[in-house]
K.L.:
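Quick one: the structure is below, and I'll ask about it shortly.
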Amino acid sequence: RLKNMKKLSIKIWAIALGLCISLFSCKKGDQGPTGNANVIQINFGSTTFENTVLLSLHSFVLKGITKDIAEKSMILSYGRSSLTKSWHHFPGTGSPLCGDMEYRTAIVANDPSSRLDIQLLHGIINVKETFDQIRVVIIPANTLITGRGITPYDIRDYESVRVYFNLLQ
């Protein structure tokens, strides 16, 4: 019996010594790359704007984006031209092939969900412009790079924002 107690005691000491060595030999890991843990991308389907007497206005419900989130975030919006397959930043102009129609945006912050309004301001009368995809990127204030430094992404360029925040295509 005493022999078994000695074996058990040696095992306990060996385990304790191993734990102490592993605990004190750990080092802090390297800083990981910038992630997108808090950045949200919402995708919408095809939308057509038509320049008639009544200018086109389209509203997009941002499900789950509360008033608090909307007011404390940078909200970017982009449309992919069905003609050129290139991304256009809203507010701004669309495809030159459609006469450089100009768009403006407004965020309506509400609970439980906010809304993005995109309105066609002006362009050639009776010309339509279709975007086969609309994407909205919500970047919370704690993720923004602020100050006078140069940001590592261009907010007017969807691909730049997508790559920087590692968003899906």
Side-chain angles (χ1 to χ4, degrees), residues 28-52 54-125 127-169:
K28 187 176 179 182
D30 296 330
Q31 179 72 28
T34 301
N36 66 347
N38 298 322
V39 175
I40 300 166
Q41 176 174 291
I42 302 173
N43 301 326
F44 296 96
S46 181
T47 303
T48 299
F49 293 87
E50 184 173 4
N51 193 8
T52 60
L54 299 173
L55 296 179
S56 288
L57 171 69
H58 292 278
S59 295
F60 302 90
V61 175
L62 306 176
K63 290 184 182 177
I65 305 302
T66 63
K67 182 177 182 178
D68 186 56
I69 293 170
E71 289 177 345
K72 295 178 181 173
S73 300
M74 177 169 58
I75 300 178
L76 305 172
S77 54
Y78 306 91
R80 184 170 169 239
S81 169
S82 63
L83 292 174
T84 64
K85 303 301 181 195
S86 58
W87 289 98
H88 299 274
H89 178 254
F90 298 120
T93 56
S95 170
L97 299 176
C98 292
D100 287 326
M101 292 187 182
E102 188 175 339
Y103 300 89
R104 73 173 168 190
T105 61
I107 299 295
V108 180
N110 282 321
D111 285 322
S113 294
S114 297
R115 184 180 82 226
L116 167 69
D117 290 339
I118 302 175
Q119 182 179 23
L120 172 61
L121 278 180
H122 61 78
I124 300 171
I125 296 293
V127 172
K128 294 180 182 179
E129 182 166 23
T130 299
F131 296 94
D132 56 16
Q133 297 177 47
I134 301 288
R135 296 218 172 140
V136 181
V137 179
I138 297 108
I139 306 170
N142 63 342
T143 309
L144 295 175
I145 295 175
T146 59
R148 296 182 185 200
I150 297 172
T151 60
Y153 55 91
D154 179 358
I155 65 168
R156 295 165 298 169
D157 179 2
Y158 171 71
E159 284 300 319
S160 173
V161 172
R162 185 190 66 73
V163 168
Y164 181 78
F165 288 107
N166 197 27
L167 301 171
L168 297 176
Q169 288 186 325

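Values below: every heavy atom of this structure, side chains too, minus hydrogens, waters and symmetry copies.
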K.L.:
Side chains of D117 and Q119 only: does a donor on one sit below 3.5 Å from an acceptor on the other?
P.N.:
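No - no donor-acceptor pair under 3.5 Å links their side chains.
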K.L.:
Hey, mind stepping through F60 and I118 against side chain to side chain contact (heavy atoms under 4.5 Å, CB included) and telling me if it holds?
P.N.:
CA-CA 8 Å; F60 302 90; I118 302 175; 3.7 Å; yes
K.L.:
So which heavy atom on G79 is nearest to which on I134, and how close?
P.N.:
CA-CD1, 4.0 Å
K.L.:
Going from CD on Q133 to CZ on R135, what distance comes out if it is rounded to the nearest 0.5 angstrom?
P.N.:
4.5 Å
K.L.:
Counting N and O atoms only, with roles assigned by atom type, does the side chain of H58 sit under 3.5 Å from a partner on the main chain of L116, one being a donor and the other an acceptor?
P.N.:
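Side chain of H58 to backbone of L116, a donor-acceptor pair under 3.5 Å: no, none is there.
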K.L.:
Supply the atom-to-atom distance L76 CG to F165 CZ, rounded to the nearest 0.5 angstrom.
P.N.:
8.5 Å
K.L.:
Taking C-beta and beyond as the side chain, do V136 and L62 meet within less than 4.5 Å on heavy atoms?
P.N.:
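Sidechains of L62 and V136: in contact.
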K.L.:
Would you say that P140 contacts N38 through its side chain, given a criterion of any heavy-atom pair below 4.5 Å between the two side chains?
P.N.:
yes
K.L.:
Within the distance-only criterion (no hydrogens, no angle test), does the side chain of T48 pair as donor or acceptor with the backbone N or O of E129 below 3.5 angstrom?
P.N.:
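No, because the side chain of T48 does not come within donor-acceptor range (under 3.5 Å) of the backbone of E129.
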K.L.:
Mind checking whether F90 and Y78 have ring centres under 6.0 Å apart?
P.N.:
no
K.L.:
I need the I65 CD1 to R115 CZ distance, nearest 0.5 Å.
P.N.:
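Rounded to the nearest 0.5 Å, the CD1-CZ separation comes out at 15.0 Å.
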K.L.:
Are L167 and Q41 close enough that some pair of their side-chain heavy atoms sits under 4.5 Å apart?
P.N.:
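Of all side-chain heavy-atom pairs linking Q41 with L167, at least one is under 4.5 Å.
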K.L.:
If you round to the nearest 0.5 Å, how far is CD1 of I107 from CD of E71?
P.N.:
11.5 Å
K.L.:
Would you please classify the geometry between the F49 ring and the Y103 ring as parallel, tilted or perpendicular, with 30° and 60° separating the classes?
P.N.:
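Perpendicular.
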K.L.:
With distance as the sole test, does S81 use its side chain to make a donor-acceptor pair with the main-chain N or O of F131 at under 3.5 Å?
P.N.:
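No, the answer is negative, given that no donor and acceptor are paired below the 3.5 Å cut-off.
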K.L.:
Run the side chain to side chain contact (heavy atoms under 4.5 Å, CB included) check on M101 and V127 step by step: do they pass?
P.N.:
CA-CA 9 Å; M101 292 187 182; V127 172; 3.3 Å; yes
K.L.:
Can you find a heavy atom in the side chain of I75 that is under 4.5 Å from one in the side chain of V137?
P.N.:
no
K.L.:
Within this structure, what is the CD1-CE distance for the pair I139 and M74, rounded to the nearest 0.5 Å?
P.N.:
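Atom-to-atom, I139:CD1 and M74:CE are 3.5 Å apart.
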K.L.:
Tell me yes or no: between the side chains of S82 and T130, is some donor less than 3.5 Å from an acceptor?
P.N.:
no
K.L.:
Please evaluate residues I69 and I138 with respect to the criterion side chain to side chain contact (heavy atoms under 4.5 Å, CB included), reporting the C-alpha separation (whole Å), side-chain torsions for both, the decisive distance (0.1 Å), and the verdict.
P.N.:
CA-CA 9 Å; I69 293 170; I138 297 108; 4.3 Å; yes
K.L.:
Hey, could you give me the OG/CZ distance between S77 and F44, rounded to the nearest 0.5 Å?
P.N.:
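One finds 10.0 Å between OG of S77 and CZ of F44.
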K.L.:
Is there a donor-acceptor pair under 3.5 Å between the side chain of S113 and the backbone N or O of G64?
P.N.:
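At least one qualifying donor-acceptor pair exists.
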K.L.:
Indicate yes or no: does K85 engage D132 in a salt bridge with an N to O separation below 4.0 Å.
P.N.:
yes
K.L.:
If you take all heavy atoms of H88 and T84, which pair is closest and at what distance?
P.N.:
NE2-OG1, 4.0 Å
